[in-house]
Amino acid sequence: MPRYNPSELEPRWQAYWEENATFRTPDEPGEKKRYILDMFPYPSGDGLHVGHPEGYTATDIVARFARARGESVLHPMGFDAFGLPAEEHAIKTGEHPRVQTQRNIDNFTRQLKMLGFSYDWDRVVSTTDEDYFRWTQWIFLVLYDTWFDEDAQAGRPIAELPIPAEVEAEGSDAVCKYQDKHRLAYQDDALVNWCPALGTVLANEEVQDGRSDRGDHPVKRIPLRQWMLRITSYAERLLDGLDDLDWPAGIKKLQRDWIGRSTGAEVDFYVGEDASRQQWLDSRQDGGFPAATDSSFLRVYTTRPDTLYGATYMVVSPEHEMLGELTTSEQADAVQAYCEKASFKSDRERTDGDRAKTGVFTGSHAINPVNGQPVPIWVADYVLAGYGTGAIMAVPAHDDRDFEFAKQFDLSVVPVVNPPDDHPQRDEILSGNACFASEGNAINSGEFDGQETQAVKTAVTAMLNEAGLAAVAVNYKLRDWLFSRQRFWGEPFPILHEIDEQGELTGMKRAVPDSELPVRLPELEDFKPHGRPEPPLAKADDDWLYVTLDGKRYRRETNTMPQWAGSCWYYLRYIDPQNQQAMIDPTREQTWMPVDLYVGGAEHAVLHLLYSRFWHKVLYDRGHLSCPEPFAKLVNQGMILGEVEFTGYQSSTGEPVSSSQVKRDAEGERVGPDGVPVTMIKLAEEEVSKQGDGFVLKDDPNVRIDSRAFKMSKSRGNVVNPDEVVREYGADSLRLYEMFMGPLEATKPWAMTGVGGVRNFLDRVWRMIVEPKADELVLAAAMSDEPCDADQKRMLHATIKKVTEDTEALSFNTAIARMMEFTNFFTRADQRPREAMQQFLVLLNPYAPHIAEELWQVLGGNGSISHQPWPQWDADALVEASIEVPVQINGKVKAKIQVASEISKEDLEQAALQDPKVESLIADRTIVKRIVVPGRLVNLVVK
RNA sequence: GCCGGAGUGGCGGAAUUGGCAGACGCGCCGGAUUCAAAAUCCGGUGGCCGCAAGGCUGUGUGGGUUCGAGUCCCACCUCCGGUACCA
């Protein structure tokens, strides 16, 4: 029996494609190019997950479709192969991360090939290849060699940085240090998670509630010299660039919010001696608002300068540099104790949830510049050191956080914005017992009373600016990018630190010359932590660690780059993966960039995409790239959940508990109505039945059952393995099912019966062309060389149209539905024109390429079906002689009439009125309105 | 709390953007084929009322706009995802 046997035919066609290099990227792209990109995977030891092939199938369909339409396609794949799991494995087993990584890459490659994706396998890159990370290091050096010119809003070579005369005068070391302060890649002290018990520095994701994930040991935050990338300089450009991108609106918003631009004012509050205040004010009047700060005043950033009259106290962050000077001797102990406590808290703890506000009075006061009133200065950890100036003016009447703090410590509340007359809490607000954070008319604000918030903002800022006490300011939530990791399995930094004769660091550093790249990872005896808060590379032999260059001795940088580094620019290397002379050939870059379609998970919505855009813009500024944005169109595929599960609950005594009575207690534990924890039990579909909105236990309909699909996870045991699906149903069925489940962007649950459904469809396609009853592989008896009749032609051309349009719109599920209709139609026909079958296979090919190739050959086609041009539909063939039009009476369909498709409005109305059913329904009533939409419907409004 | 997204048959989902709700698939029911089964093929399948013809009702809830609303507007509910004091 010549049955459809994917396990035989799929590997055969995969071998054919490989041998014939069917999907090689053309060297000289034709008129239209299309760069179709997947977010490359981290090759984990678990292998491919069914979530991966969702996006990969979508892009593969688009790639095959575009090729058939004569476009030149670049469709590559690679591996984001640096990362923590391989390193942890190495620490445990002593096996070099490279070994395990290669094994995983091999397995991923096998699985990807098994699914028949049309990648150009000659262009595979892995971020761990020396040939690749050589250029990652090179790009780092571009960042290191660049400063950001605010006026030009562009990155420029560090050599072009204007050096102030006073720096110049101090000599070349001072100039170097000045330059270092302006580079896009610079060093700064930042806090790391140091775990003394494990003797290692941990990544944020390895720390849970201040304790290590592994072993549950305490983790301390200690400052360590770190590499930072000055992404904040590009904040404005990164914001602006979003406008022209064809990205989901949600992702753009996420990026905008992450960058978090706000405008307001910086305002200086005098903190010096009362006696010198007038002198200070005079100097400001003459000199204007200074760029640099000194200890005579406290500078704050606010987005609500209109509420300055309501600023009743100030707060500085525990890390604020002026805190020491502001603290009076009486308060010194309390302040010191408070700051110490704060320093032990992680960022997370400090900003976690709605915990009560804490803080300590410093003992000093500042003078509110608008009214000359003294206001107390507090220190509190609800003010973040890294945002704005690290200090705030607190307006408890109009800021929820300040209000909460003021209530806690009994500070005064002065309302300065009048809430609307109908505001439910108006009286409380005006008496200082509630907070009103919206806009309105000013009150208690001197000359500004009665004006609207926006006007007051501008006026107050202008007034203070006139006096040299404030200036308009812009702030971003975006922080500079902490770029170094204390890890082994990452790219080494191509940086050398100068050491003197005693082996001490001099503080001077230099880039490794281009010709010396790549800086390879050292060979280590083992990968176990060495117990110091220093990166593992510090364990390397002196051969690696120390370098002599131009007569000077250097110690290599021992931090490594984060995993993001390699993924920031891989899309460029695919274009020219073998280039030994450059990161990318400029002509090729111009030919293929930007990426026309980028598909991947929404979890990378912010970081990966923002980091990539940042690097891209720097490389663009420095003349290495021709387009300002890397990814023209972005699509996020939705998550695939496990099979739907029915979950019931049981009390401790084994009694079933209705899910409507199960609540979560304070710890998040599920408890029954008595507050005692319940146990979850998995139920089979047969044990439940539908009732109302939900499901209930069949045996006891009073017990409600939860029904939902969960994220796939090993611990839950609901992970679907693509290897098994391919073994059972074939790769074409897996591909087709992933696309048929629903819209690409939607989150959707897996259902193995659905895979059976699409497999059924492919079996039907097979039998539509191959004779199922014959012993040999022969064409179906119904196959005919006659042309299509009118109905067949209409079905064929309507299918071509629908599949073409839906594929273009990435609406794969409906395209597949249409191909199913086509197949149902033609399997019923006893004459199946060969030509229709052939055209159909070309449509099916992007979706299920193996069976399409096989049947194409069975039908006598030459070579690969992938070389066949995409069919065109004939609009004339779609026209039907007569169509059915519904007739509504008062908006409800009461009859259907058969009319000529080209019928005029008047004739359609006549036809509707003459329909016997309609006649009888309107017989004794009057028609008050007639709506006639030719080709669509007739609606008669009667009384 | 805030920000996104989504609520349509037993289930996954369609619906040319305001014009016949439920395409297609799964599941289920009936029939054909078979000694029997699998496979296959044909038909049915939102709910309620009715022997039937047919009628009523129906896209999370309540209101509104319209000749006409799953689709637009207002208010609310539920679920999923993200986020967390950014002044």
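The sequence lines fix the lettering, A, B, ..., with proteins before strands; numbering per chain opens at 1.
A/Arg299 contributes no side-chain N or O that, together with a main-chain N or O of A/Asp268, makes up a donor-acceptor pair within less than 3.5 Å. Side-chain atoms of A/Lys802 never come within 3.5 Å of backbone atoms of A/Ala817 as a donor-acceptor pair (strictly under, hydrogens ignored).
Residue contacts for A/Lys896: at a heavy-atom cut-off of 4.0 Å it reaches a base atom on one of the strands shown. Within the nucleic acid shown, A/Glu603 has no heavy atom closer than 4.0 Å to any nucleic acid atom. Across all strands shown, A/Lys252 has no heavy atoms under 4.0 Å from either base or sugar-phosphate atoms. Backbone-only engagement by A/Lys917 is indicated by non-hydrogen atom pairs under 4.0 Å involving sugar-phosphate atoms exclusively.
Taking atom C1' in both B/rG55 and B/rG50, one finds a spacing of 8 Å when rounded to whole Å. Rounded to the nearest Å, the gap between the P atom of B/rA21 and that of B/rA32 is 35 Å. Rounded to a whole angstrom, the distance from the P atom of B/rU66 to that of B/rU17 is 23 Å. For the C1' atoms, the distance linking B/rU40 with B/rG60 amounts to 41 Å, nearest Å. Spacing of C1' atoms, B/rG64 relative to B/rA53, comes out at 38 Å, to the nearest Å. To the nearest whole angstrom, the two P atoms, one in B/rG44 and one in B/rC24, are 11 Å apart. If you take atom C1' in B/rC77 and the same atom in B/rA23, they sit 30 Å apart, rounded to whole Å. B/rC72 and B/rU78: their C1' atoms are spaced 23 Å apart (whole Å).
Checking A/Asp402 against A/Tyr382 by side-chain atom types alone, a donor-acceptor pair falls below 3.5 Å.
Every residue was checked against the side-chain hydrogen bond (donor to acceptor under 3.5 Å, both in side chains) condition with A/Glu919, not counting sequence neighbours, and none meets it. Under the salt bridge (charged side-chain N to carboxylate O under 4.0 Å, His left out) criterion, A/Arg828 pairs with no residue at all, not counting sequence neighbours. Applying the salt bridge (charged side-chain N to carboxylate O under 4.0 Å, His left out) rule to A/Glu821 yields no partners; only residues at least two apart in sequence or on another chain are considered. Listed by chain and residue number, nothing satisfies the side-chain hydrogen bond (donor to acceptor under 3.5 Å, both in side chains) test with A/Asn813 (two or more places apart in sequence, or in another chain).
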Donor-acceptor pairs under 3.5 angstrom involving side-chain atoms of residues 929-938 of chain A: please list them, not counting sequence neighbours.
{"unit_1": "A/Arg930", "atom_1": "NH1", "unit_2": "A/Glu909", "atom_2": "OE2", "d": "2.7"}

Can you give the donor-acceptor pairs under 3.5 Å from side chains of residues 756-766 of chain A to other protein atoms, not counting sequence neighbours?
{"unit_1": "A/Arg759", "atom_1": "NE", "unit_2": "A/Asp763", "atom_2": "OD2", "d": "3.4"}
{"unit_1": "A/Arg759", "atom_1": "NH1", "unit_2": "A/Tyr729", "atom_2": "O", "d": "3.3"}
{"unit_1": "A/Arg759", "atom_1": "NH2", "unit_2": "A/Tyr4", "atom_2": "O", "d": "3.4"}
{"unit_1": "A/Arg764", "atom_1": "NE", "unit_2": "A/Asn824", "atom_2": "OD1", "d": "3.0"}
{"unit_1": "A/Arg764", "atom_1": "NH2", "unit_2": "A/Asn824", "atom_2": "OD1", "d": "2.9"}
{"unit_1": "A/Arg764", "atom_1": "NH2", "unit_2": "A/Thr827", "atom_2": "OG1", "d": "3.2"}
{"unit_1": "A/Trp766", "atom_1": "NE1", "unit_2": "A/Pro2", "atom_2": "O", "d": "2.8"}

Side-chain donor-acceptor distances from residues 259-266 of chain A under 3.5 Å, at least two apart:
{"unit_1": "A/Arg261", "atom_1": "NE", "unit_2": "A/Glu236", "atom_2": "OE1", "d": "2.9"}
{"unit_1": "A/Arg261", "atom_1": "NE", "unit_2": "A/Glu236", "atom_2": "OE2", "d": "3.2"}
{"unit_1": "A/Arg261", "atom_1": "NH2", "unit_2": "A/Glu236", "atom_2": "OE1", "d": "3.4"}
{"unit_1": "A/Ser262", "atom_1": "OG", "unit_2": "A/Tyr301", "atom_2": "OH", "d": "2.7"}
{"unit_1": "A/Ser262", "atom_1": "OG", "unit_2": "A/Tyr387", "atom_2": "OH", "d": "3.2"}

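One N or O donor and one acceptor, one from the side chain of A/Lys357 and one from the base of B/rC85, sit under 3.5 Å apart.
Taking syn as a glycosidic angle within 90° of 0, B/rU66 does not qualify and is anti. Annotated as anti: B/rG47, whose glycosidic dihedral deviates from 0 by more than 90°.
The nearest heavy atom of RNA chain B to A/Met393 and to A/Val893 marks one nucleotide each, and the one closer to the 5' end goes with A/Val893. Comparing A/Pro749 and A/Lys711 by the nucleotide of RNA chain B that holds the closest heavy atom to each, the one mapping nearer the 5' end is A/Pro749.
Residue A/Ile816 contributes atom CD1, which lies 12 Å from atom P of B/rA14 at whole-angstrom precision. Atom CD in A/Gln255 sits roughly 15 Å away from atom C1' in B/rC3 (whole-Å rounding). For A/Leu762 and B/rA39, the CG to P distance is 17 Å, given to the nearest whole Å. Straight-line distance from the CD atom of A/Gln637 to the P atom of B/rG81: 17 Å, rounded to whole Å. For A/Phe812 and B/rA23, the CZ to C1' distance is 19 Å, given to the nearest whole Å. Between A/Arg818 atom CZ and B/rG13 atom C1' the separation is 18 Å, expressed in whole Å. Atom C1' of nucleotide B/rA87 and atom OH of A/Tyr313 are separated by 11 Å, given to the nearest angstrom. B/rC2 atom P lies 22 Å from atom CZ of A/Arg256, rounded to whole Å.
Dashed line: the shortest gap from a side-chain N or O of A/Lys892 to OP1 or OP2 of B/rU57 is under 4.0 Å. An OP1 or OP2 oxygen of B/rG25 is reached within less than 4.0 angstrom by no side-chain nitrogen or oxygen of A/Asn813. Taking 4.0 angstrom as the limit, A/Thr814 places none of its side-chain polar atoms (N or O) nearer than this to OP1 or OP2 of B/rG13.
With distances taken from any side-chain atom of A/Glu821 to the nucleotides B/rG10, B/rC24, B/rC20, the minimum falls on B/rC24.
For the pair A/Val899 and A/Ala911, the tightest heavy-atom approach, listed with the atom from each and the gap, is CG1-CB, 4.0 Å. Counting all heavy atoms, side chain and backbone alike, A/Ile640 lies closest to A/Gly51 at CD1-CA, 4.5 Å.
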Below 3.5 Å is the cut-off: list the nitrogen or oxygen pairs between protein and nucleotides 40-44 of chain B, distance only.
{"unit_1": "B/rU40", "atom_1": "OP1", "unit_2": "A/Asn760", "atom_2": "OD1", "d": "3.1"}
{"unit_1": "B/rU40", "atom_1": "O3'", "unit_2": "A/Arg767", "atom_2": "NH2", "d": "3.3"}
{"unit_1": "B/rC41", "atom_1": "OP1", "unit_2": "A/Arg764", "atom_2": "NH1", "d": "2.6"}
{"unit_1": "B/rC41", "atom_1": "OP1", "unit_2": "A/Arg767", "atom_2": "NH2", "d": "3.2"}

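Contacts classified as salt bridge (charged side-chain N to carboxylate O under 4.0 Å, His left out) and involving residues 302-314 of chain A (residues at least two apart or in different chains) are given here: A/Arg304-A/Asp306.
The SG atom of A/Cys339 lies 12.0 Å from the NE2 atom of A/His320; values are rounded to the nearest 0.5 Å.
By the 30° and 60° cut-offs, the orientation of the rings of A/Phe409 relative to A/Phe405 is tilted.
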| message | Give the dot-bracket line for RNA chain B from 5' end to 3' end: parentheses for intra-strand Watson-Crick or G-U pairs under 3.5 Å, square brackets for crossings, | for inter-strand pairing, dots for unpaired. | response | (((((((..(((......[....)))((((((.......))))))((((....))))..(((((..]....))))))))))))....
| query | Which nucleotides of nucleotides 62-70 of chain B have their base under 4.0 Å from a protein heavy atom (B), which only their sugar-phosphate (S), and which neither (-), written as one string 5' to 3'? | reply | -----B---
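If you check residues 737-748 of chain A against RNA chain B, the residues with a heavy atom closer than 4.0 Å are A/Phe740, A/Met741, A/Pro743, A/Thr747, A/Lys748, listed by number.
Of the charged side-chain nitrogens involved, none lies within less than 4.0 Å of a carboxylate oxygen, so that A/Glu805 and A/Arg818 do not count as a salt-bridged pair.
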